[in-house]
Protein chains: 2
Amino acid sequence: MVVDDRLGTTFAALSDPTRRAMVERLSRGPASVHGLTEPFALSQQMISKHIAYLVRARLVTKTKRGRESICTLRPQAIKTVSDWAISYRQFWEESFDKLDEVVKRMKKEEVRDDKQHGE
Amino acid sequence: MVVDDRLGTTFAALSDPTRRAMVERLSRGPASVHGLTEPFALSQQMISKHIAYLVRARLVTKTKRGRESICTLRPQAIKTVSDWAISYRQFWEESFDKLDEVVKRMKKEEVRDDKQHGE
DNA sequence: AAAATACACTACCATATGGTTGTGGATGAT
DNA sequence: ATCATCCACAACCATATGGTAGTGTATTTT
């Protein structure tokens with residue numbers, strides 16, 4: 001990554017299925033590193049690494065509580081992704097509209113064909 | 001990437017600023033490889049590589065037309081990203097609501113403090 | 001105090017990716 | 001026919017990342 005490409009860092013963090021699963025897990029409430037390790041059949045070190053990526057992408061915050069580190073999902077970062085995608089909404093809706101038009105035109109052609117068959 | 005992690009491939013493709021810029025460019029209409037090379041001060045080979053990633057992520061389709069390759073943005077893939085993010089909408093809205101509550105509570109405290117000051 | 005738990009840090013390896021350079025193959029223009 | 005244009009393919013390098021193994025440290029439990 002060039003220099004502080006925030007959105008890029010976020011997308012990179014979300015490109016891994018383990019990390020997306022972690023995000024899903026954390027969307028249902030905070031969890032300790034240990035808690036995040038259990039469901040994944042991965043080493044604690046690897047989980048810590050993945051968490052580090054999520055933290056770097058500002059998708060997660062980590063706070064010490066005794067000997068545990070509690071991970072919390074940050075809503076803002078995910079909203080950023082949503083906002084990015086939604087900025088193309090007009091594009092894809094136009095595209096789908098055009099597709100609809102094509103479909104409608106094809107149906108008209110069919111109707112015409114039917115009429116021709118009928119006449 | 002493990003095996004055919006489609007959403008992961010999409011996120012990975014979008015993690016690069018050059019590729020996101022290409023997506024932005026293509027959202028305003030199809031373009032040739034040459035057309036995509038011009039604005040980016042990158043070698044044609046590199047642009048072709050980037051396009052290959054976008055194609056692999058099904059974000060772009062490429063069709064030969066004479067000696068040119070025309071690249072077209074596919075709306076579906078971007079909608080997939082949007083759908084993923086929106087599936088967490090409830091999470092972040094709840095979070096922001098909680099934040100609102102905290103803010104409101106703090107304001108109430110302030111009011112109480114004011115009263116105490118007043119009495 | 002001793003043992004167990006939760007986590008971090010380091011070193012190491014294989015692979016994917018960003019990027020360059022060089023080249024070759026079609027297609028279009030002259 | 002020749003030359004320029006558009007693009008793909010291959011080799012190469014540096015770095016980031018996924019993953020493992022080993023160890024150290026602080027906190028809890030006993």
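So you know, we letter chains A, B, ... as the sequences are listed, proteins then strands, and number each from 1.
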Ignoring backbone atoms, establish whether [X] has a side-chain N or O less than 4.0 Å from OP1 or OP2 of [N].
X: B:K64; N: D:dC7; result: no
X: A:H50; N: D:dT17; result: no
X: A:Y53; N: D:dG18; result: yes
X: B:S48; N: D:dA8; result: yes

Inset, instruction - Go through residues 18-39 of chain A and report each residue with a non-hydrogen atom lying under 4.0 Å from DNA chain D, sorted by number. - result: A:R19

Inset, instruction - Could you tell me whether B:R28 atom CZ has more than 12 heavy atoms of other residues or ligands within 6.0 Å of it? - result: yes

Inset, instruction - Give one of base, sugar-phosphate or nothing for B:Q44, where a contact means two heavy atoms less than 4.0 Å apart. - result: base

Inset, instruction - Could you check if a side-chain atom of B:D83 sits within less than 4.5 angstrom of a side-chain atom of B:K79, using non-hydrogen atoms only? - result: yes

Can you tell me how far apart [atom1] ([X]) and [atom2] ([Y]) are? Round to the nearest 0.5 Å.
X: A:Q76; Y: A:I78; atom1: CD; atom2: CD1; value: 11.0 Å
X: B:L14; Y: B:L59; atom1: CG; atom2: CG; value: 5.0 Å
X: B:E38; Y: B:S32; atom1: CD; atom2: OG; value: 7.5 Å
X: B:L42; Y: B:S48; atom1: CG; atom2: OG; value: 11.0 Å

Nearest-Å distance for atom pair [atom1]/[atom2], residues [X] and [N]:
X: A:L54; N: D:dG18; atom1: CG; atom2: C1'; result: 14 Å
X: B:K49; N: D:dC9; atom1: NZ; atom2: C1'; result: 11 Å
X: A:D16; N: C:dA16; atom1: CG; atom2: P; result: 14 Å
X: B:F40; N: C:dG19; atom1: CZ; atom2: P; result: 12 Å
X: B:M46; N: C:dG22; atom1: CE; atom2: C1'; result: 16 Å
X: B:I51; N: C:dG18; atom1: CD1; atom2: C1'; result: 15 Å
X: B:I47; N: D:dC9; atom1: CD1; atom2: P; result: 16 Å
X: B:Q45; N: C:dT20; atom1: CD; atom2: P; result: 9 Å

Inset, instruction - Return the nearest nucleotide to the side chain of B:S43; candidates are D:dG19, C:dT17, C:dT20. - result: C:dT20

Inset, instruction - Report the residue from B:R74, B:M22, B:K62 that forms a side-chain contact (heavy atoms from CB on, under 4.5 Å) with B:L54. - result: B:M22

Inset, instruction - Answer yes or no: is there a donor N or O on one side and an acceptor on the other, between the side chain of A:R58 and the main chain of A:T10, under 3.5 Å? - result: no

Inset, instruction - Indicate for each nucleotide in nucleotides 25-30 of chain D, in 5' to 3' sequence, whether protein heavy atoms under 4.0 Å reach the base (B), only the sugar-phosphate (S), or nothing (-). - result: --BS--

Legend entry - With B:Y88, the ring pair (Phe, Tyr, Trp, His ring centres under 6.0 Å) member among B:F91, B:W92, B:W84: B:W84

